[in-house]
Chemist: 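Encoded as structure tokens, here's the structure I'll be asking about.
Values below: all heavy atoms of this structure, side chains included; hydrogens, waters and symmetry mates excluded.
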There are 2 protein chains.
Amino acid sequence: MSRPTIADIAREAGVSKGAVSFALNGRPGVSEETRQRILQIAERMKWRPHSAARALGGARAGAVGLVLARPARTVGVEPFFAQLLSGLQAEFSVRSTALQLLVVEDTAAEIEVYRRWASEHRVDGFVLVDLQVRDPRIEVLEELGMPTVVLGGPGRHGRLPSVWADDREAMLSIVEYLAALGHRRIAHLAGLPAFQHTQRRIRALRDAARRLGLSEALSLPTDFSDAEGAAATRTLLARRERPTAIIYDNDVMAVAGLGVATEMGVAVPGELSIVSFDDSVLARIVHPPLTALSRDTFLLGEQVARALLAVIDDPAAAVDLKTPTPRLTVRESTAVPRD
Amino acid sequence: MSRPTIADIAREAGVSKGAVSFALNGRPGVSEETRQRILQIAERMKWRPHSAARALGGARAGAVGLVLARPARTVGVEPFFAQLLSGLQAEFSVRSTALQLLVVEDTAAEIEVYRRWASEHRVDGFVLVDLQVRDPRIEVLEELGMPTVVLGGPGRHGRLPSVWADDREAMLSIVEYLAALGHRRIAHLAGLPAFQHTQRRIRALRDAARRLGLSEALSLPTDFSDAEGAAATRTLLARRERPTAIIYDNDVMAVAGLGVATEMGVAVPGELSIVSFDDSVLARIVHPPLTALSRDTFLLGEQVARALLAVIDDPAAAVDLKTPTPRLTVRESTAVPRD
DNA sequence: ACGGTTTACTAAACCGGTACAGCTCCTGCC
DNA sequence: GGCAGGAGCTGTACCGGTTTAGTAAACCGT
């Protein structure tokens, strides 16, 4: 016989389907003795619930969605997402919730997927990342009424609960460290200007520069790619008065920038200090290893997952969780500027 | 009103549920005129099928599974998987099939997931990667009778269809290139010995060495991590008669090895040539950029997805697809050995 | 004009669970 | 002794689709 159903178990145990359902879901309605007997039979028959049948009864779909809008071939270059994914998985799988992952080309397609998955009842909630300035996705998700957790910054994201890291403090800690070393001309290769965290970092740098009396603090927007990171670094290093330190918004650009410096004969850290806003193997394995901001992305993923499960359980739950502020791991790419 | 059902459409159109089902699925049983009317109403009401309800009727679950057995925190370091994933997605999403991704700790847990997802009817098929020597998963998947495509090498994998790349030819092309440059002592930092492709590469190197009359061709097994890559490189370079070229089984190890060489004052490519078996941004952005084997992993993912969909449509379909042999992209990490 | 086939559709069963009203005992209490 | 209340269970409706048996009308050839 193929796949046993609760009806099979009921027949075997000589009870009704309802009783079996009660027993298997650990809810009152059957005696402890009967429950044990049913559980044993289910075990013996290797019964597993049919996820579709469960979902049909208006209950959970047992899955959550994560949709990324990026050019298909560029995903996975950044270790950040892989780490986040691992953390999400770790927590979701404990509560036997599956993760549906989809990579699409742009935000319009992403919204379309939210609509489709919601109306197909395929998922119970969403994780929203890469928060943009005036993000159109928030409105859609609120309208759909799907439990959603935003991985973003402080402040309101409509009525959606959020888990966030303090980008501002993180940037301040980097700038203060560089200023303490004696750097006065600092450049910042920022990410996509449309992202909220990019804006927060740019603002933090500007504020810190004013407060610490830096003579220069320039933020250049990029698309996070190694190509733009390299190009912008080349431009910066070709100037007459070049910066003595560059802060890169991700590890890929930082490594590319390091390559450019080496190629142009600019000594790191002698003539140029490099700091990466993301830590990963990448930052560790290059030479010299890069000073980088270490955040526990895996933990972040776990927290987001936990928050989402809480919201699914109780849609009224208001979550606004600040994760530990990342700390700077000093390696060999930063030093006192040579005058 | 929330989510419209086919019953709502049927009422609106003044026909039965069955007629609506026929119309929406493009099957005979209704007149063209009625079909159009029903389609318009469905469109207007923004109807979408409830995926659970469909799956319950013994039909497709509309999803496939990919399970990776690796320590959770190490995933995503390798661009290879991200690329593969993108390719899979691209093809699956065209056929509106979702991809369920799960990362588990070991093979036992992986098998458990196959069992669970199959019996819960959560997926219609699986993609099997990281094929091992005498892989226990194959037997389980055959027993479960789930459509599965193996991403592996040539040869039999039970009765499972497969898509594969020619690792042997790839390794031969690298060795022949290095031999042509004049290298006679070549080392190979291999991956996990339990993997089939590791064994194939080791064998290919040994055969080529004999044929080309190399004086040394050593394969050292590792766990693919940057740490072991660095450690093994250090050992090799500390020997009296050090190799003049090292082939790394992935990009992460190659970059780590490059770091070690730089640190030890061994010039690349002057005193040591480096070749990576995987190409990615990583290989491009370090300095000097690495000579690497370029395979179109994105395309590979698309092909695997297509193959799996074909097997799901027709379980008897026998697929055995060889992908284009990867080609060597020569950059600046390889040169004629200095004597 | 008649039997036979085709077309267009309806009604109901079915998939495998969950939810709930209702029934039968048994116990406790005044 | 009678009644309330609860434990333990049954039976059935229901979720939203698909599928099948059945039916009425139209069509067809001779």
Chemist: Is there a donor and acceptor pair closer than 3.5 Å between the side chain of B/Lys17 and the base of D/dG17?
Modeler: yes
Chemist: Measure from the side chain of B/Asn25, starting at C-beta and using heavy atoms only, and say which of C/dT18, C/dA8, D/dT18 lies closest.
Modeler: D/dT18
Chemist: Find which nucleotide of DNA chain D each of B/Ala53 and A/Val15 is nearest to by heavy atoms, and output the residue with the more 5' nucleotide.
Modeler: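 By nearest-heavy-atom nucleotide position, the 5'-most residue is A/Val15.
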Chemist: What is the distance, to the nearest angstrom, from the CD1 atom on B/Ile6 to the P atom on D/dG17?
Modeler: 5 Å
Chemist: Work out which heavy atom in B/Gln196 is nearest to a heavy atom in B/Arg134; give both atom names and the distance.
Modeler: NE2-N, 4.5 Å
Chemist: For the side chain of A/Ser16, counting heavy atoms from C-beta on, which of C/dT10, D/dT10, D/dT18 is nearest?
Modeler: D/dT10
Chemist: Please report, rounded to the nearest Å, how far the P atom of D/dG8 is from the CD atom of A/Glu32.
Modeler: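 Taking CD of A/Glu32 and P of D/dG8, I get 9 Å after rounding.
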Chemist: Are more than 12 heavy atoms, taken from residues, nucleotides or ligands other than B/Gln36, located less than 6.0 Å from that residue's CD atom?
Modeler: yes
Chemist: In whole Å, what is the span from the CG atom of B/Asp8 to the C1' atom of D/dG16?
Modeler: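 Nearest whole value for this atom pair: 10 Å.
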Chemist: Determine, for A/Glu112 against A/Arg115, whether the closest basic-nitrogen to carboxylate-oxygen distance falls under 4.0 angstrom.
Modeler: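 Between A/Arg115 and A/Glu112 there is no salt bridge, as every charged N stays at least 4.0 Å from the carboxylate O atoms.
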Chemist: Can you check whether B/Thr5 has a side-chain N or O nearer than 4.0 Å to OP1 or OP2 of D/dC15?
Modeler: no
Chemist: From the options D/dG17, C/dG17, D/dT10, select the nucleotide whose nearest atom is closest to the side chain of B/Trp47.
Modeler: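 Given the options D/dG17, C/dG17, D/dT10, the side chain of B/Trp47 is closest to D/dG17.
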Chemist: With nearest nucleotide decided by heavy atoms, which residue, B/Arg27 or B/Leu56, maps closer to the 5′ end of DNA chain D?
Modeler: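 Of the two residues, B/Leu56 wins.
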